[in-house]
Novice: 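What follows is a structure written as structure tokens; I'll ask about it next.
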Amino acid sequence: MRLQEKISIHFTELTKTDRKITGQLIEKPEILIQHSVQEAANLLEVSPAAIMRVAKKLKYRGLAEFKQSLENYQSEMQNKEEKNETHNFSKSVISGFKSQLDAIEKTVSEKDLEKIVDLVKKAKVTRALGIGSSGLSAEQFVYSLLYQDHYMEAVTSRTKIFYLSRILTADDVLIIFSVSGNSEAYSEIIERSQKTGAKLVFITMNHDKKLKEAAEVVVVLPSNITDFSVSHHLQQLDNRFAFYIFSSMLAAYIDNGELD
């Protein structure tokens, strides 16, 4: 997997320092390619442990594999420069979304989609939940289903979500959209589901152990990052794009499952 795709998938796991390291290595990959980890740490003004932490978060097996990925990235950038590809903001945006589509294809498993469909088929009531901008994604999912003649309710206010937690039963399935994957925002829902047997599905961009413990299925989608400057500073595009794509995929699977 290309370096950019790995960064996109694990972007929400990166701390401010992690992103600083990643951004500087994107700009000057030779810092790590041509130096020891100690020397690179000095040049980046971070600790060697911080660099190794980034490599681990990006799921590299070690420093050597991380360096090799940087070398491949450097070669790719040099080829672009030889083709005289100039910086263009619109192309950067389009390229960013194309990369995210590729990352989504590699991230989403058919097994997870089929498991969610099975949960929905067995449930008496299924609802889509989301707070803030993630609530828009829940609404979008509902509309994706409406186009397939399937009705589902979207619950997108904190107050309604709180009261919903009081009436959950074992026959309920909640599909929760949350970019941050903040389990605290759904603490009442999680606690009640554990007591009643209600089934939770989290669609998120954060690898949170608490979510995996609480949910039947957790789908972690890649964040969307791109380069908007000559200094290769990483920027994040609208993450709802990934949710919209996943919603369309899941709606197609649900429709194919011929729900009542």
Side-chain angles (χ1 to χ4, degrees), residues 1-2 5 8-12 93-156 161 164 168 171-181 186 189 193 198-208 211-212 214-226 236-260:
M1 187 181 295
R2 296 162 65 237
E5 292 173 359
S8 177
I9 290 171
H10 301 289
F11 191 79
T12 57
V93 172
I94 293 171
S95 177
F97 283 121
K98 283 182 177 178
S99 296
Q100 192 180 29
L101 275 174
D102 290 338
I104 291 170
E105 183 179 15
K106 294 174 182 178
T107 301
V108 177
S109 75
E110 190 167 1
K111 182 179 178 180
D112 283 342
L113 287 165
E114 291 176 345
K115 188 171 183 179
I116 295 170
V117 171
D118 186 58
L119 290 171
V120 173
K121 288 177 69 174
K122 292 177 180 178
K124 285 187 177 180
V125 179
T126 301
R127 298 179 177 91
L129 276 62
I131 298 172
S133 64
S134 296
L136 297 175
S137 300
E139 293 278 5
Q140 174 62 33
F141 177 53
V142 167
Y143 276 99
S144 294
L145 287 173
L146 288 176
Y147 300 148
Q148 309 294 342
D149 295 325
H150 298 297
Y151 180 79
M152 184 181 294
E153 180 187 3
V155 184
T156 59
I161 288 173
L164 173 61
L168 287 181
D171 296 320
D172 294 324
V173 167
L174 304 181
I175 300 176
I176 303 172
F177 292 84
S178 174
V179 171
S180 65
Y186 294 95
I189 289 287
S193 68
K199 307 299 187 298
L200 305 183
V201 174
F202 273 94
I203 315 301
T204 183
M205 293 183 177
N206 188 19
H207 296 259
D208 189 323
L211 296 186
K212 291 183 178 180
E216 298 295 314
V217 182
V218 177
V219 177
V220 181
L221 296 173
S223 298
N224 197 351
I225 62 170
T226 192
Q236 200 164 26
L237 296 174
D238 190 344
N239 276 320
R240 287 173 297 179
F241 173 75
F243 281 166
Y244 294 163
I245 296 299
F246 181 82
S247 293
S248 296
M249 293 168 65
L250 182 56
Y253 269 75
I254 288 175
D255 186 53
N256 189 60
E258 299 180 353
L259 301 185
D260 294 331

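These numbers come from a predicted model, not from an experiment. Values below: all heavy atoms of this structure, side chains included; hydrogens, waters and symmetry mates excluded.
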Novice: Just jot down the side chain to side chain donor-acceptor pair (under 3.5 Å) partners of E105, sequence neighbours excluded, or say none.
Specialist: none

Novice: Side-chain contact, heavy-atom cut-off 4.5 Å: D255 with Y147?
Specialist: no

Novice: Indicate yes or no: at least one non-hydrogen side-chain atom of L164 is less than 4.5 angstrom from one of R127.
Specialist: yes

Novice: Rounded to the nearest 0.5 Å, how far apart are OG of S99 and CD1 of I94?
Specialist: 12.0 Å

Novice: Evaluate the side-chain proximity of Y253 to E110: yes if any heavy-atom separation is below 4.5 Å, no if none is.
Specialist: yes

Novice: Rounded to the nearest 0.5 Å, how far does OG of S134 lie from CD1 of I203?
Specialist: 11.0 Å

Novice: What residues, two or more places apart in sequence or in another chain, satisfy side-chain contact (heavy atoms from CB on, under 4.5 Å) together with S137?
Specialist: F177, R240, F243, Y244

Novice: With the side chain counted from C-beta on, respond yes when I245 and F241 share a heavy-atom pair under 4.5 Å apart, and no when they do not.
Specialist: yes

Novice: When rounded to the nearest 0.5 angstrom, what distance separates CE in M152 from CD1 in I175?
Specialist: 4.5 Å

Novice: Could you work out, with side chain to side chain donor-acceptor pair (under 3.5 Å) as the rule, every residue matching K115, not counting sequence neighbours?
Specialist: none

Novice: Which value, rounded to the nearest 0.5 Å, describes the distance between I189 atom CD1 and L174 atom CG?
Specialist: 5.5 Å

Novice: Could you pull out all residues at least two apart from D112 that satisfy side chain to side chain donor-acceptor pair (under 3.5 Å)?
Specialist: S109

Novice: With a 4.0 Å cut-off, would you call D102 and K98 a salt bridge?
Specialist: no

Novice: Less than 4.5 Å apart, any side-chain heavy atom of L250 and any of F141?
Specialist: yes

Novice: Excluding sequence neighbours, so at least two apart, what forms side-chain contact (heavy atoms from CB on, under 4.5 Å) with D171?
Specialist: K124, T169

Novice: Could you pull out all residues at least two apart from T204 that satisfy side-chain contact (heavy atoms from CB on, under 4.5 Å)?
Specialist: N206, L211, V218, V220

